[in-house]
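Everything below concerns the one structure shown next.
Proteins come first, then strands; the chains are lettered A, B, ... in the order of their sequence lines, and each starts at number 1.
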Amino acid sequence: MKRRLSRDREDRPSSCKGPADSCKRVRQPAEDSGDVLPDWARLPQEMLLHIFQYLPLLDRAFASQVCRGWNEAFHMPELWRCFEFELNQPASSYLKATHPDLIKQIIKRHSNHLQYVSFKVDSSTESAEAACDILSQLVNCSLKTLGLISTARPSFMELPKSHFISALTVVFVNSKSLSSLKIDDTPVDDPSLKVLVANNSDTLKLLKMSSCPHVSPAGILCVADQCHGLRELALNYHLLSDELLLALSSEKHVHLEHLRIDVVSENPGQQFHTIKKSSWDAMVRHSPKFNLVMYFFLYEDEFGPFFRDEIPVTHLYFGRSVSKEVLGRVGMNCPRLVELVVCANGLRPLDEELIRIAERCQHLSAIGLGECEVSCSAFVEFVKMCGRRLSQLSIMEEVLIPDHKYSLDEIHWEVSKHLGRVWFPDMMPTW
Amino acid sequence: ETRGGNTIESTVATMVVNSVHWFRKGLRLHDNPALQEALNGADTVRCVYILDPWFAGSANVGINRWRFLLESLEDLDTSLRKLNSRLFVVRGQPADVFPRLFKEWNVTRLTFEYDSEPYGKERDAAIIKMAQEYGVETLVRNTHTLYSPDRIIEMNNHSPPLTFKRFQAIVNRLELPRKPLPTITQEQMARCRTRILDNHDERYGVPSLEELGFKTFKGDSSHVWKGGETEALERLNKHLDRKAWVANFERPRINAQSLFASPTGLSPYLRFGCLSCRVFYYNLRDLYMKLRRHSSPPLSLFGQLLWREFFYTAATNNPNFDRMEGNPICVQIPWDHNPEALAKWAEGRTGFPWIDAIMTQLRQEGWIHHLARHAVACFLTRGDLWISWESGMKVFEELLLDADWSVNAGSWMWLSCSAFFQQFFHCYCPVGFGRRTDPSGDYIRRYIPKLKDYPNRYIYEPWNAPESVQKEANCIVGVDYPKPMINHAESSRLNIERMKQVYQQLSHYRGLSLLASVPTIQEEAEPPMSDDSYASSSTAGEARQSSIIILTGFTVQLSVFFALFLSVNQNVTTLPDLTKKSFTMPKKINA
C-alpha cells in the first residue's frame, strides 16, 4: 500500500472509497456472477489486525488512511504493544528519526497499550533528552520491557543525572511489572535501583546494566537479594562480589541463565579484586547450566587476579592484547569454556596454549583468533583434537605460520578434513 | 586528411581512417590492444587524454595524485615523441570535447580501454552513442583487469561473488588471462603519421601542477612515487629481481621495513594502468615456474591482483557501491556523524602516534602499507571513532595513489565489516598493533619528528610517560602533541556491543556467541547450482539461522541468502533480481 491517499477520506462514511478502482473491479464480477466477494472495508477487525501485524509501521500508516474501518484497526491496542522510538538528530546521525507527531499521537492514544518499549538514541544530548521526555510521560504505562540503547556514543551519560533518574523512575513506579530492563551506559544509581526493586521485584527477569558508573556493589546486591526471578544479568566487574554471587545462588533464587561481566580498565595498572572460587562453585551448583560471559578490555599486565582458580566462564572475549601466560591459565582453569575470542596476543606462537585448551576445554565449539601466531602443525593438531564440535572457527590468515609440514595453501584442506566441512582462514585485502 | 572525393565509390575507395585513442586509465604503450586497434590500418592516430578537473569523483583529488597523473602523462608524451607522435591533453568534459575533436580531426575511429566501473560505463555508453551519430566507429578492449568482470558474474549465477574464497574458486576454473601484447613499435606508428602543430605544447601540452592551481615548493622532493610507464616497468624488474633473490613466494610477514614506501611497490602503477596487470601476472607466473621447476603457481601468488579483481567485479553493476544507503550489499550501521573527530583522524591529530604517523605518511607520500590501512580504517570505523566508512573512503580517495572507486570503496566496506560477511571481533589496538609491528619506533620518529626523543617504551603511548620523560623528550602531551582523543578500552567495548547489536538484529541471532552473530557462508569449491527449489521452500526465519546453512550442506545462492538476510532491515534496498524466488510468510513485525 504505497499509494498516497488524501487524508480527508477519513471523514467519509465507512464504505470503501479508497482504492476505488480495485473495489469496483472486485464488486462488478460479484454482481454479475452472484458470488459473494469480500468488501475490503468490511473485513473483520481480527483479520485486519492479523494482516497489519505483518506490515511495517509506515505501510500500516498508509493503510490507516484508506477508510475509517482500517483506521480503527490501525489504532487497536494489540498493534501498539511494541514500539521502538528512534531518536536521531541530523547533525549527529545519518538515520531517520521517529516523527515527533507520531510520538505525540502514541503518547496521547496509546501510552496505556505500550508494553514492550525501546529507545534508540544517537550520540547527541538532544536525543537522550527527548527519550527522557517521553519516558516521563509514560505514566499510564505498564511496561514489561524497557530498553535504552545508544547506537553510538552514550548520550544518556551526558544528561544531568537527576533529570535522567526522575524520568526513569516514572517507569519503575508505574509499571510494577517490568520483566526486562536494558539500561547499559546510563547514569542510573543505587537509589533508583531501590525504586526498581520496590516496585518490580516479583517480575524482573532480565537486567542489563553494563557501564553504569554510578551504581555500587551494594546497589546491585540489593537487586539480587530482592528479585528472585532474575535470570539474566549484565554488569561491570567492579560490581561483582562474592556476596552477589551467593545472593544469586540462594535457595529462593531461580536458576540463573546468564551472567555477562565486562572487565574494563579505567587507568593503566588498575588493580582488580578477586572472586573466591567458592562463590563460583556455589553458582554452578545452584544453576548448573548457566552461561558466564566475560569481556576483557585490560592491559596485558592487569590480568594478575584472573584465571588463578577454576572459573565457570563459558564465553570469553579478550578485546586487547592478552599474554601467552594468561591464555595458558585459561586452558588450565576454564573447563566449561564454549567460545574463546582473542583479538591479539603478540608475536609468540600459541601452540602449547591451544593444544591445552583443546584438551581441557571439552565443550569448546567456537574460537576466534586475531593478531596472534600459531604454527600450522599445532593448529592442525588443535583442530584434530576438537574435531567436529568446532562450529565456529574464525582465524585470520596472518595467524597461521607455515612450517615444514604445512604451507598456507595446504592447511585449509587439512583443517577442512578434520572439521567435516570446507574451511578457509579469514582474509583481509592485501591491496 | 580529408574525406575522399565526390562520388560514393571514391569515398569508399579512398576511405581515410583517422583514429583517436582515448587514454583514461591504461596510461601505457605496452599491452594496449585498444591502442593497437587505433593504429591498425589507420592513416593518422592521435592519443588524447581528457583532463576534466571538475568531473564528479575526481574533484576530491589531492596533490600527490595529480602529480602522479601528470608525471604519467609526461611519460606517455615522451614515449610518443620517440615514435614521432605526441600526447594530446585536452581540457574539458568528454561529452563536450569529443564532438569538437570529431569534427576538427575528421575522426573515423575511436578506441579506449574498457572501464568496468558503473560511472565509467555510463559515461562511455553516452560517448559511444554520440560517436555513432558522428559516424565514428568505436572499439573497446578490456585490459584494466585480468578477467572480464561480466564473465565472472555470469559464472557465479549472475551475481558477483561476495566472498573472496568464492571469487578465487571461480577464477580457478577460468582459463589463464589473455596474454599481454607487446609495446607499440616504430613501424606501427610510422604508418600513421600525425601532424603535430607548432603550438602543440600550448594547446595540448601536459599541464603543470601550478597551472592546475597547486602551490609547490622548491626542493619539495617528497614524491617518493614517480608516475609513468617507464618507472613502472623499471620497478617491475626490480620487484621480480627481489623475488628471485629471496626465492620465496610466500606472503612476506610484515616487519618494520615494510611500512616504508618500497622501491618495488607497484600498486599505484596498476591503478593508473602505467603497468599492465597481465604483464605483472605473467612475469610473476613465469618467474615462479622457472624457480620451482614448472609447477603451477598457487592463486595466493597473485593475491594483490586478485583482490583488485574481486572489488572491480563486486562493483561493476552496483552504482551505489560507494555508499551505505541504497547499497544492497552493505550492512546499515548507525555510524556517528562527527566532523571534528573525522578531521582529527584525517589530519593525523588523534593523539595516537601510530595512527597519526600512518595518516601523515599517507598525506605526505600517497601510499601506506595495507596493514597500516587496516589499522587506521579500524580506528575510524568499528574500532574507535564509530564514524562511517564513507568518510574514510573519501579521505583515501583524496590522498591515496592507488585508490580507485571500486577498490577503495570495497576495501573500506571490508575493513569496517559493513559487507562481505566479515567477522568483526578482531580490533586493531592503536597502541599495541603499532608496537608489535615496529618495536623500534622508527616509523613514528620519521613521520612525527616531535616524538623522536621519546624512548621506545612510551613512544606509542606518550600520554602514559611520566612528566620527567616528556620534558626530557621536549614534547609535552597536551601542548606539543595532542592528548589521545578517546579511551581505547572504553571505545572498543562500546563498539563491539554496537556491532553485535547490528548483526544480531539483522540475523535475529539470539544466542551468546559473538562469532555466530555474523552469518557464515559455506564455501564450496564448485560454484553453486541453480537452486531455486531450496530458495522457494525456505522461510525467512530458517535462512537466517547460520547453523542450518552450515549443517544441511545446501549450497545457497549468495544473492538469495543476502536478500533474506537483509530483507527484514527496512533501511536496505533488497537485491533487485528476486523474481525467481518466492517467499513464504514474512516475519511478523510485532512479535
Side-chain angles (χ1 to χ4, degrees), chain A residues 53-57 79 81-82 91-95 120 122-123 149 151-154 184-185 210-211 258 262 264-265 268 291 293 295 297-298 314-315 317 319-321 338-339 341 343-344 346-347 366 368 370-371 391-392 394 396 398 402 407-409 421-422 424 426-431, chain B residues 164-165 250-251 253 267 298 300 303-304 307-308 311 324-325 334-338 370 374 386 388 402 407 410-411 414-415 422-423 425-429 432-433 436 464 488-490 492-494 496-498 501 512-516 520 522-525 547 550 553 570-571 586 588-590:
Chain A
Q53 278 171 334
Y54 289 100
L55 293 177
L57 181 62
L79 291 172
R81 299 225 197 284
C82 291
S92 47
S93 169
Y94 301 105
L95 298 178
K120 276 196 165 164
D122 68 7
S123 55
I149 301 162
T151 56
R153 281 168 299 148
D184 311 86
D185 299 298
S210 301
S211 275
H258 85 259
D262 283 4
V264 187
S265 163
N291 286 302
V293 180
Y295 277 51
F297 297 92
L298 301 183
T314 52
H315 297 76
Y317 175 79
R320 296 186 83 147
S321 167
V338 168
E339 176 177 77
V341 180
C343 260
L347 305 175
E371 208 202 312
S391 59
Q392 296 284 342
S394 176
M396 299 295 295
E398 288 93 23
S407 74
L408 278 181
D409 296 309
R421 63 177 194 270
V422 181
F424 290 96
D426 292 354
M427 305 192 72
M428 293 288 262
T430 52
W431 179 242
Chain B
F164 190 60
K165 282 305 160 189
E250 297 285 356
R251 192 143 56 116
R253 307 200 74 77
S267 59
S300 54
Q304 202 182 11
W307 275 105
R308 191 175 165 268
F311 288 125
M324 178 171 80
E325 201 177 321
W335 304 113
D336 201 8
H337 183 61
N338 190 340
H370 71 260
H374 300 171
W386 198 252
S388 171
D402 60 38
V407 179
S411 300
W414 190 290
L415 297 175
Q422 289 307 292
Q423 282 289 348
F425 70 85
H426 50 93
C427 181
Y428 295 99
C429 177
F433 184 50
R436 287 185 286 276
N464 280 333
H488 176 69
E490 197 39 47
S492 53
R493 182 201 69 81
L494 271 172
I496 196 98
E497 268 316 297
R498 307 286 170 258
Q501 267 169 31
L512 296 171
S513 163
L514 186 65
L515 299 176
T520 47
Q522 246 314 37
E523 301 295 347
E524 302 298 335
S547 55
I550 293 171
Q570 296 168 26
N571 287 335
K588 256 194 200 185
I589 307 291
N590 260 348

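The main-chain N or O of A:Pro429 is found under 3.5 Å from a side-chain atom of B:His374 such that the two form a donor-acceptor pair.
For a residue to count as touching a neighbouring chain, one of its non-hydrogen atoms must lie under 4.5 Å from one of that chain's; by this rule B:Leu494 touches chain A with the side chain only. Both the backbone and the side chain of B:Leu514 come within less than 4.5 Å of a heavy atom in chain A. With a threshold of 4.5 angstrom between heavy atoms, B:Cys427 approaches chain A through its backbone and through its side chain. For chain A, the nearby part of B:Asn338 is the side chain; its heavy atoms alone come within less than 4.5 Å. Heavy atoms closer than 4.5 Å to chain A are found in both the backbone and the side chain of B:Gln304. When heavy atoms are compared at a cutoff of 4.5 Å, B:Arg436 approaches chain A by way of both its backbone and its side chain. The contact between B:Arg498 and chain A is made entirely by side chain atoms (from C-beta outward), counting heavy-atom distances below 4.5 Å. Heavy-atom distances place no part of A:Leu298 under 4.5 Å from chain B, backbone and side chain included. Proximity to chain A involves both the backbone and the side chain of B:Phe433, based on heavy atoms less than 4.5 angstrom apart.
The CG atom of A:Asp184 sits 8.0 Å away from the CD atom of B:Gln501 when rounded to the nearest 0.5 Å. Summarising the geometry, atom CD1 belonging to B:Ile496 is positioned 6.5 Å from atom CZ belonging to A:Phe297; distances are rounded to the nearest 0.5 Å.
Considering every non-hydrogen atom in both B:Glu490 and A:Ser211, the closest pair reads OE2-OG, 3.9 Å. Nearest heavy-atom pair, A:Met427 versus B:Gln422, reported as atom, atom and distance to 0.1 Å: O-OE1, 3.6 Å. Looking at every heavy atom in both residues, B:Gln423 comes nearest to A:Ser394 through CG-OG, 3.2 Å. Across every non-hydrogen atom of A:Cys343 and B:Phe425, the tightest pair is SG-O, 3.0 Å. Nearest heavy-atom pair, B:Leu515 versus A:Glu339, reported as atom, atom and distance to 0.1 Å: N-OE2, 3.2 Å.
The side chain to side chain contact (heavy atoms under 4.5 Å, CB included) test applied to A:Asp122 returns A:Asn88, A:Gln89, A:Ser92, A:Ser93, A:Ser124, A:Ser127, A:Thr151, not counting sequence neighbours. Every ring-ring contact (aromatic ring centres under 6.0 Å, His included) that B:Trp414 has, sequence neighbours left out, goes to B:Trp307, B:Phe310, B:Phe420.
Chain B forms more heavy-atom pairs under 4.5 Å with one residue of A:Gly368, A:Ala366, A:Ser210 than with any other, namely A:Gly368.
We find that A:Asp185 and B:Arg493 are joined by a salt bridge, their nearest charged nitrogen and carboxylate oxygen being less than 4.0 Å apart.
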